[in-house]
Amino acid sequence: MFGLEALDLARIQFAFTISFHIIFPAITIGLASYLAVLEGLWLRSGETVYRDLYHFWAKIFAVNFGMGVVSGLVMAYQFGTNWSAFSDFAGAVTGPLLTYEVLTAFFLEAGFLGVMLFGWNRVGPGLHFFSTLMVAIGTLISTFWILASNSWMHTPQGFEIVDGRVIPVDWFAVVFNPSFPYRLAHMATAAFLATAFFVGASAAWHLLRGRDNPAIRKMLSMAVWMALIVAPVQAFIGDLHGLNTLKYQPAKIAAMEGHWDNSSGEPTPLILFGWPDMEREETRFKLEIPALGSLILTHSLDKQVPALKEFAPEDRPNSTIVFWTFRVMVAMGLLMILVGLWGTWLRYRGRLFASRPFLHLAVWMGPSGILAILAGWYTTEIGRQPWIVQGLMRTADASSGHSFAQMSLTLALFVVVYFALFGAGIGYMLRLVRKGPRIDEGQEVTQGGPGQPRTPSRPLSAAQEDFDDTETDLPGGRA
């Protein structure tokens with residue numbers, strides 16, 4: 001069907017499941033650190049607006065965390081079910097790294113999550129803040145190990161191949177492989193930005209509907225500060241990451257740039273737009289700027305960027321896809337910088353919370369961080385093809401060899417279940433956002449018992465909320 005084979009369906013299935021999964025850890029990483037900042041500011045200043053925001057976003061964090069755990073379990077199982085040859089070949093490296101993630105990050109998060117979600121009136125403020133910090137640190141440690149494992153697949157080192165299997169000989173070299181520091185910084189920063197624009201869009205949405213209170217204003221203000229400071233930092237990290245990729249994965253850079261031929265001897269142009277044609281071996285309909293590609297990628301005007309024709313056809317990534325996913329990511333990053341600059345100018349003019357054009361842009365930019373993460377992830381992973389472990393194992397040799405019918409059935413089941421389950425979860429999370437923070441979020445809660453609300457017994461019950469007045473609390477009735 002559509003010229004696809006069982007291997008193609010296995011790749012599509014993995015891409016589909018990871019596209020859902022990566023949304024939740026990214027927001028979890030950002031929200032955990034955001035909650036730690038909010039609680040720290042509340043303890044330091046005593047301003048109740050930070051406490052109110054903490055209670056509001058803690059509910060959304062609980063839902064997001066639960067969906068991240070569920071979707072992550074599926075990812076782990078797929079290594080054994082669909083990619084058993086890869087697990088057999090590289091499991092001695094990837095298996096321990098994922099185990100370290102569980103033993104350090106997941107246990108740390110699980111150990112303090114209950115205190116963070118349900119201990120506000122049950123433990124002292126110092127212990128509760130410590131619990132929030134531990135959860136936030138746990139999410140970053142998780143990022144560390146996951147990125148170490150994935151980065152090793154891009155730039156493997158610290159190993160020997162014995163009897164057709166990878167055997168680690170230097171764990172420091174395995175973990176701190178050449179691409180790891182850049183990819184870790186790039187992903188963690190992307191998670192912070194994605195969360196900032198999610199928070200900012202939530203605030204802008206309420207302001208556009210006339211719901212203006214100190215908590216809403218603080219949300220937008222903090223988001224704009226993040227955009228102003230962190231978005232340019234992310235661009236700098238991306239530049240360093242690109243130079244590292246040029247050194248270790250030049251075919252990926254050539255595919256990202258849609259650059260085919262260096263026979264002219266001239267500096268490499270930057271192709272802004274075009275359509276890389278893999279069969280004709282050229283980028284059609286291209287709009288380019290002479291020599292700018294060399295300046296950006298080599299920081300010189302006389303060096304050339306590697307061209308796709310320098311690699312055998314079977315070793316070339318799919319430039320048609322990678323070319324455009326990379327540009328989507330860059331476009332989102334540039335828009336983030338624009339939002340930060342515009343918001344700062346409006347803040348200086350005293351119109352940050354009243355400029356409707358800016359607020360509309362902030363709402364539309366709400367999913368921009370997630371779109372940038374997905375586009376960047378597709379660029380990274382598709383750009384590594386045809387290798388599953390760069391230079392060591394091809395993706396075609398890594399699958400379990402299931403039939404086309406089996407892969408079709410499981411892919412269809414994944415699509416149905418994921419859209420039903422996670423669609424409902426995302427919808428519920430957005431309903432919480434639509435409810436918005438209230439000035440009484442931090443009020444004392446009862447301990448349970450006869451005639452009183454009972455203590456929640458499940459993590460997601462931390463997000464329990466009454467939506468009966470979602471619409472009527474806004475000026476003018478329904479939104």
Side-chain angles (χ1 to χ4, degrees), residues 1-2 4-29 63-87 90-91 94-95 97-98 101-102 105-106 139 142-143 145-147 149-151 153-154 183 187 190-191 194 318 321-322 325 328-329 367 369-385 387-389 395-396 398-429:
M1 182 176 66
F2 305 113
L4 298 177
E5 300 178 354
L7 174 63
D8 300 314
L9 294 181
R11 292 179 61 190
I12 292 172
Q13 183 179 120
F14 194 85
F16 176 79
T17 52
I18 200 171
S19 295
F20 266 88
H21 172 65
I22 199 172
I23 295 173
F24 306 119
I27 299 300
T28 296
I29 294 166
V63 178
N64 195 81
F65 185 88
M67 291 191 290
V69 171
V70 173
S71 60
L73 291 174
V74 176
M75 301 300 306
Y77 279 113
Q78 281 196 22
F79 286 115
T81 57
N82 292 354
W83 304 98
S84 56
F86 164 73
S87 298
T94 59
L97 292 178
L98 296 179
E101 189 259 343
V102 173
F106 188 75
T139 63
S142 178
T143 309
W145 291 116
I146 295 299
L147 266 296
S149 177
N150 185 264
S151 297
M153 296 165 65
H154 288 263
R183 301 183 76 243
M187 181 63 203
N318 189 318
I321 298 176
V322 173
T325 55
V328 169
M329 179 186 69
I370 295 300
L371 290 176
I373 289 174
L374 289 173
W377 196 258
Y378 296 152
T379 301
T380 297
E381 300 304 309
I382 298 174
R384 184 183 59 202
Q385 301 303 314
W387 304 99
I388 193 168
V389 181
T395 305
S399 69
S400 300
H402 295 307
S403 69
F404 183 87
Q406 290 172 322
M407 294 309 306
S408 298
L409 177 61
T410 54
L411 176 58
L413 290 174
F414 269 116
V415 171
V416 172
V417 172
Y418 267 54
F419 274 108
L421 178 63
F422 296 115
I426 293 173
Y428 179 62
M429 187 165 60

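Predicted model, so just to flag it, every value in this text is computed and none were measured.
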Non-hydrogen atoms of S19 and Y378 that approach each other most closely:
OG-OH, 2.6 Å
Going through the checks in order, is the side-chain contact (heavy atoms from CB on, under 4.5 Å) test met by T410 and M407?
CA-CA 5 Å; T410 54; M407 294 309 306; 4.1 Å; yes
So, for L98 and I146, which heavy atoms are closest and what is the spacing to 0.1 Å?
CD2-CD1, 3.6 Å
Are any of the side-chain heavy atoms of H402 and L9 separated by less than 4.5 Å?
no
Can you see which heavy atom on M67 is nearest to which on F422, and at what distance?
O-CE2, 3.6 Å
Sub-4.5 Å side-chain heavy-atom contact between T17 and F414:
yes
Ignoring hydrogens and angles, tell me if any N or O in the side chain of S87 forms a donor-acceptor pair with the backbone of F79 under 3.5 Å.
yes
Ring centres under 6.0 Å, that's the criterion: do F20 and F419 meet it?
yes
As a test of understanding, state which of N318, T395, I321 forms a side chain to side chain contact (heavy atoms under 4.5 Å, CB included) with Q385.
T395
Go through the steps for Y428 and V63 under the test side-chain contact (heavy atoms from CB on, under 4.5 Å), then give the verdict.
CA-CA 8 Å; Y428 179 62; V63 178; 3.8 Å; yes
Before you tell me yes or no, could you show the steps for M153 and F86 under side-chain contact (heavy atoms from CB on, under 4.5 Å), namely the whole-Å CA-CA distance, both residues' side-chain angles and the distance that decides it to 0.1 Å?
CA-CA 11 Å; M153 296 165 65; F86 164 73; 3.9 Å; yes
Is the side chain of S400 donor-acceptor paired with the backbone N or O of S84 at a distance under 3.5 Å, no angle test?
yes
Output for pair (R11 CZ, I388 CD1), nearest 0.5 Å, gives 9.5 Å
For the residue pair T94 / S149, report whether a side-chain donor-acceptor contact shorter than 3.5 Å exists.
no
Decide yes or no on ring pair (Phe, Tyr, Trp, His ring centres under 6.0 Å) for Y418 and F16, but give the supporting numbers first.
CA-CA 9 Å; Y418 267 54; F16 176 79; 5.6 Å; yes
Distance in Å, L411 CG paired with I12 CD1, rounded so as to fall on 0.5 Å steps
6.5 Å
If the plane angle is over 60° it's perpendicular, under 30° parallel, otherwise tilted; pick one for F106 and F65.
parallel
Between Q78 and T81, does any side-chain donor sit less than 3.5 Å from a side-chain acceptor?
no
Would you check if the side chain of N150 reaches a backbone N or O of L147 as a donor-acceptor pair within less than 3.5 Å?
no
To the nearest 0.5 Å, how far apart are CG in N82 and CD in Q406?
9.5 Å
Could you go through I373 and M187, starting from their C-alpha distance and side-chain angles, then the distance that decides it, and tell me whether this counts as side-chain contact (heavy atoms from CB on, under 4.5 Å)?
CA-CA 8 Å; I373 289 174; M187 181 63 203; 4.1 Å; yes
Shortest non-hydrogen pair, E101 vs S142, comes out as OE2-OG, 2.6 Å
pair H154-E381: side-chain heavy atoms closer than 4.5 Å
yes
Please give me the minimum heavy-atom distance between A26 and A191, naming the atom from each residue.
O-CB, 3.4 Å
Using 0.5 Å steps for rounding, measure from the OG1 atom of T325 to the CG atom of L371.
12.5 Å
Answer yes or no: is there a side-chain heavy-atom contact under 4.5 Å between I18 and W377?
yes
Within a strict 4.5 Å, meaning less than it, do heavy atoms of the I370 and I27 side chains meet?
yes
Ignoring hydrogens and angles, state whether a donor on the side chain of N64 or T28 is under 3.5 Å from an acceptor on the partner side chain.
yes
